[in-house]
Structure formats: C-alpha cells, structure tokens
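Working notes, beginning with the structure itself.
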Amino acid sequence: MVFRNKKEKLSARALWVRYVAARIGALSILGLIMVTVVQSTYLPALRNSVAAVFCHHSLACEFPSCYDPPTPAYLGLVFGSVVVLVFIGVGIVIFLFGLIAMRKVVLVRARIFAPEDLSFRGQTSDEDAATGVPKRMPHTVFEMITCDTGEAKWAAILGRDESMFKG
C-alpha cells in the first residue's frame with residue numbers, strides 16, 4: 001500500500017493496532033508484553049544473582065574479599081540475590097506451570113473430551129468398561145492435570161486457541 005505522507009501512514013498503523021486489539025483483546029496484548037518482559041529478564045537476573053551468591057570473579061573489582069570477611073554491602077548484595085533467585089528463579093517457574101495446569105483444568109472441566117477419550121489414574125479400565133461399567137470424568141484437580149488423551153485431540157483443541165498457551 002502506498003501512502004501519500006507520514007501522517008497517513010501513522011494513521012493507518014494506529015487503525016491497524018486498534019483492529020488487532022479489538023480482535024484479540026487488549027488484555028491478551030498486555031499479557032503477551034508481560035510474558036516477553038519476564039522471559040527477557042529471567043536469565044540475566046539469575047546469572048547475576050548466582051554470580052553474587054557464589055562470589056564470581058566478575059565481582060572481584062568491587063568486592064575483592066567476598067566472604068573473607070564479608071562487608072555489609074556485600075551481604076546486602078547476597079541477600080538481594082537470594083531473594084531474586086527464590087522469587088524469580090523458582091517463583092516464575094511455579095507460576096507459569098500453575099497457569100498451564102489451570103488452563104488444562106479449565107479445558108477438561110469444559111467437557112471438551114468424552115470420558116472414553118481420557119486416561120488417568122482411577123479411570124475405569126477397558127475390561128470393566130466392556131462389562132458395562134461406564135467410564136468417568138476426572139473429578140479432582142490432580143486427576144485433571146494428570147489425565148491424558150491423544151496428541152491429535154489436544155492439537156485440534158489448542159489449534160483454535162487464541163491465548164498465548166498454544167500447543
């Protein structure tokens with residue numbers, strides 16, 4: 001498309017952003033931006049925190065003796081680094097796992113699969129189902145998280161998913 005001037009080009013870009021925000025939702029865009037920021041800061045934050053806690057040689061010019069004897073400034077750096085390691089290093093992993101697990105729970109609770117399609121611990125066996133005992137849906141969150149079905153069925157469901165958790 002050819003634009004006559006910069007104003008027309010900027011106007012077209014703004015209308016395109018508005019269209020995309022209306023189509024997929026402004027919160028989806030905000031969520032994508034937040035996940036991108038978290039992913040881009042995850043490794044540098046952890047790398048620097050580990051370097052501070054274990055007295056890496058890159059800190060030698062600022063803290064030459066590290067723990068021998070520890071200075072208050074270095075102990076403050078180590079404390080902050082441990083907080084970063086716990087909340088970012090472990091916390092983000094647990095948070096993202098929780099998001100994905102709860103997404104699966106929502107999909108299973110929506111009954112998008114028939115009970116015969118799901119396999120989980122406690123599910124009626126195929127031998128019992130052949131004798132007339134009906135298969136059941138998972139009831140507990142643990143059963144929902146650990147239930148399994150064929151890859152093709154999950155791919156068909158998640159292929160239409162417009163969230164950031166595509167399969």
Side-chain angles (χ1 to χ4, degrees), residues 9-10 13-113 118-123 137-167:
K9 184 176 182 179
L10 289 174
R13 177 65 64 152
L15 288 173
W16 178 80
V17 168
R18 183 172 176 232
Y19 166 75
V20 169
R23 195 175 114 241
I24 64 173
L27 287 179
S28 294
I29 294 172
L30 179 64
L32 183 63
I33 290 170
M34 289 172 58
V35 167
T36 303
V37 167
V38 166
Q39 286 179 342
S40 64
T41 59
Y42 183 77
L43 285 178
L46 290 184
R47 182 184 62 224
N48 291 336
S49 296
V50 168
V53 169
F54 293 106
C55 192
H56 191 261
H57 64 82
S58 63
L59 298 173
C61 59
E62 187 70 30
F63 302 103
S65 61
C66 290
Y67 291 108
D68 188 31
T71 63
Y74 185 70
L75 290 178
L77 175 70
V78 169
F79 177 74
S81 297
V82 168
V83 168
V84 167
L85 285 173
V86 169
F87 285 107
I88 293 181
V90 177
I92 288 178
V93 172
I94 292 171
F95 175 72
L96 290 177
F97 174 77
L99 282 178
I100 293 169
M102 287 304 112
R103 177 76 174 151
K104 184 176 181 181
V105 168
V106 167
L107 289 173
V108 172
R109 279 191 181 152
R111 298 195 181 263
I112 57 174
F113 299 113
L118 299 173
S119 63
F120 56 93
R121 186 176 178 181
Q123 173 66 293
M137 289 296 286
H139 296 293
T140 66
V141 172
F142 180 76
E143 286 178 347
M144 290 181 197
I145 291 172
T146 59
C147 74
D148 192 24
T149 190
E151 287 291 323
K153 292 179 182 174
W154 279 115
I157 296 298
L158 295 176
R160 295 181 184 93
D161 187 11
E162 293 185 1
S163 73
M164 61 186 169
F165 300 115
K166 286 192 170 274

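These numbers come from the heavy atoms of this one structure, side chains and all, not from hydrogens, waters or symmetry mates.
- Rounding to the nearest 0.5 Å places CG of Leu43 at 11.0 Å from CD1 of Ile88.
- Note that CG of Leu15 is 11.0 Å distant from CG of Leu10, once rounded to the nearest 0.5 Å.
- By the 4.5 Å heavy-atom criterion applied to side chains, Leu77 and Tyr74 are counted as neighbours.
- Shown here for Lys104 and Thr146, the closest heavy-atom pair between the two residues is NZ-C, 4.4 Å.
- Between Ala52 and Ser81, the shortest heavy-atom distance links the atoms CB-OG, 3.2 Å.
- Considering every non-hydrogen atom in both Val93 and Tyr42, the closest pair reads CG2-OH, 3.6 Å.
- For Val84 against Leu46, the heavy-atom pair with the smallest separation is O-CD2, 4.4 Å.
- Contact between Val141 and Val105 at its shortest, heavy atoms only, is CG1-CG2, 4.0 Å.
- Thr41 contributes atom OG1, which lies 6.5 Å from atom CD1 of Ile92 (distance to the nearest 0.5 angstrom).
- When all heavy atoms of Ile145 and Met102 are compared, the pair lying nearest together is CD1-CE, 4.3 Å.
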